[in-house]
Amino acid sequence: QVQFVESGGGFVQPGGSLRLSCAASGLRTNYDHYAIGWFRQAPGKEREAISCISTGSFSTYYTGSVKGRFTISRDNALKSMYLQMNSLKPEDTAVYYCATVNMGGGKCYYNGMNNWGNGTLVTVSS
């Protein structure tokens, strides 16, 4: 089963930036056959999809709260995905996860092809 290892989280002040990375393993087929995405879970809240990218990077999805501040990208040769997060806000504080997804209808969904990893914690606070 596909597994992901997330990294790059940390503590940052409001307005700061972080770059998250997600490395994949256990793939049954080529990495570029998977649409993948970033999810986050804040304390006391459900996990939500915040950004996804299609197999050939032709299509991306951003939830409204991060649009214009976050940028998703992937490097198929390295089997990795990234999330550049700028202008961070305290409400961005959460554990961030990556996962395989289905994309359609302007939305992005976890498709269950991987188990959730440990995630990486992002804390935005002054």
Side-chain angles (χ1 to χ4, degrees):
Q1 194 169 25
V2 181
Q3 293 181 318
F4 295 105
V5 177
E6 302 91 351
S7 62
F11 182 92
V12 63
Q13 292 186 336
S17 299
L18 284 174
R19 186 178 188 238
L20 305 184
S21 298
C22 171
S25 63
L27 304 172
R28 295 183 183 179
T29 183
N30 293 337
Y31 178 75
D32 57 4
H33 290 182
Y34 296 86
I36 45 181
W38 287 98
F39 293 70
R40 69 184 180 188
Q41 186 167 19
K45 295 188 177 181
E46 293 189 354
R47 186 153 32 202
E48 62 170 338
I50 60 168
S51 184
C52 299
I53 188 166
S54 65
T55 54
S57 301
F58 300 120
S59 177
T60 57
Y61 162 84
Y62 296 95
T63 193
S65 61
V66 309
K67 199 171 293 184
R69 299 188 298 123
F70 291 8
T71 303
I72 193 171
S73 61
R74 63 189 294 166
D75 186 329
N76 291 334
L78 295 178
K79 300 180 183 178
S80 294
M81 177 177 64
Y82 308 98
L83 188 68
Q84 178 66 43
M85 306 188 297
N86 298 329
S87 302
L88 283 162
K89 305 175 181 181
E91 50 264 43
D92 294 318
T93 295
V95 179
Y96 285 69
Y97 303 87
C98 44
T100 54
V101 300
N102 292 333
M103 297 176 69
K107 294 189 177 182
C108 168
Y109 306 90
Y110 170 56
N111 65 14
M113 291 180 64
N114 67 282
N115 292 324
W116 294 105
N118 293 325
T120 187
L121 176 63
V122 173
T123 303
V124 185
S125 176
S126 55

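Note that the structure is predicted; figures quoted are calculated from it, not measured.
- Within 6.0 Å of CG in N111 there are more than 12 heavy atoms belonging to other residues, nucleotides or ligands.
- In this structure, T120 and L20 have side chains that are in contact, with non-hydrogen atoms separated by less than 4.5 Å.
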Assess whether side chain to side chain contact (heavy atoms under 4.5 Å, CB included) is satisfied between T123 and V12, documenting all intermediate values.
CA-CA 6 Å; T123 303; V12 63; over 6 Å; no

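- Using a 4.5 Å heavy-atom threshold, the side chains of N86 and F70 count as separate.
- Distance check, rounded to the nearest 0.5 Å: CG of N102 to NZ of K107 gives 14.0 Å.
- How far CE of M103 is from SG of C108: 5.5 Å, rounded to the nearest 0.5 Å.
- Counting only heavy atoms from C-beta outward, the side chains of Y96 and M85 approach each other to under 4.5 Å.
- Here the side chains of P14 and P90 are in contact, with some heavy-atom distance below 4.5 Å.
- The shortest distance between side-chain heavy atoms of T60 and F58 does not fall below 4.5 Å.
- Aromatic ring centres of F39 and W116 lie closer together than 6.0 Å.
- A search for side-chain hydrogen bond (donor to acceptor under 3.5 Å, both in side chains) contacts involving Y34 returns nothing, not counting sequence neighbours.
- Partners of R74 under the salt bridge (Lys or Arg N to Asp or Glu O under 4.0 Å) rule, at least two apart in sequence or in another chain, do not exist in this structure.
- In this structure, a donor-acceptor pair under 3.5 Å is absent between the side chains of D32 and T55.
- We find the CD1-CG distance between I50 and L83 to be 5.0 Å, quoted to the nearest 0.5 Å.
- At a threshold of 4.5 Å between non-hydrogen side-chain atoms, the residues T71 and Y62 count as touching.
- The minimum heavy-atom distance between S54 and A35, with the atom names listed, is CA-CB, 4.2 Å.
- V5 and Y31 fall into different hydrophobic clusters, where Ile, Leu, Val, Met, Phe, Trp and Tyr residues are linked whenever their side-chain heavy atoms come under 4.5 Å apart, directly or through other members.
- In this structure, the side chain of T93 does not engage the main chain of E91 through any donor-acceptor pair within 3.5 Å.
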After noting the C-alpha distance and the side-chain angles of F11 and S125, does the key distance pass the side chain to side chain contact (heavy atoms under 4.5 Å, CB included) rule?
CA-CA 7 Å; F11 182 92; S125 176; 3.8 Å; yes

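- With 3.5 Å as the limit, one finds a donor-acceptor pair spanning the side chains of T100 and N114.
- Both W38 and V66 are members of a single hydrophobic cluster when ILVMFWY side chains are connected at heavy-atom separations under 4.5 Å.
- In this structure, S21 contributes its side chain and S7 its backbone to no donor-acceptor pair below 3.5 Å.
- Considering all non-hydrogen atoms of both residues, Y97 and E6 come closest at CA-OE2, 3.5 Å.
- Looking at heavy atoms from C-beta onward, I36 lies out of side-chain contact with C22 at the 4.5 angstrom threshold.
- Between the side chain of R69 and the backbone N or O of S87, at least one donor-acceptor pair lies under 3.5 Å.
- In this structure a side-chain-to-backbone donor-acceptor pair under 3.5 Å is missing from N30 to H33.
- Between N118 and V95, the closest heavy-atom pair is O-CG1, 3.8 Å.
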When you look at F4 and M81, which way does the side chain to side chain contact (heavy atoms under 4.5 Å, CB included) test go after all the steps?
CA-CA 10 Å; F4 295 105; M81 177 177 64; 6.0 Å; no

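- Sorted by first then second residue, the salt bridge (Lys or Arg N to Asp or Glu O under 4.0 Å) pairs that include residues 34-54, not counting sequence neighbours, are R40-E48, R40-D92.
- With a 4.5 Å cut-off on side-chain heavy atoms, I72 and Y82 do not count as touching.
- In plain terms, the two heavy atoms of I53 and S57 that are nearest each other are CD1-OG, 3.6 Å.
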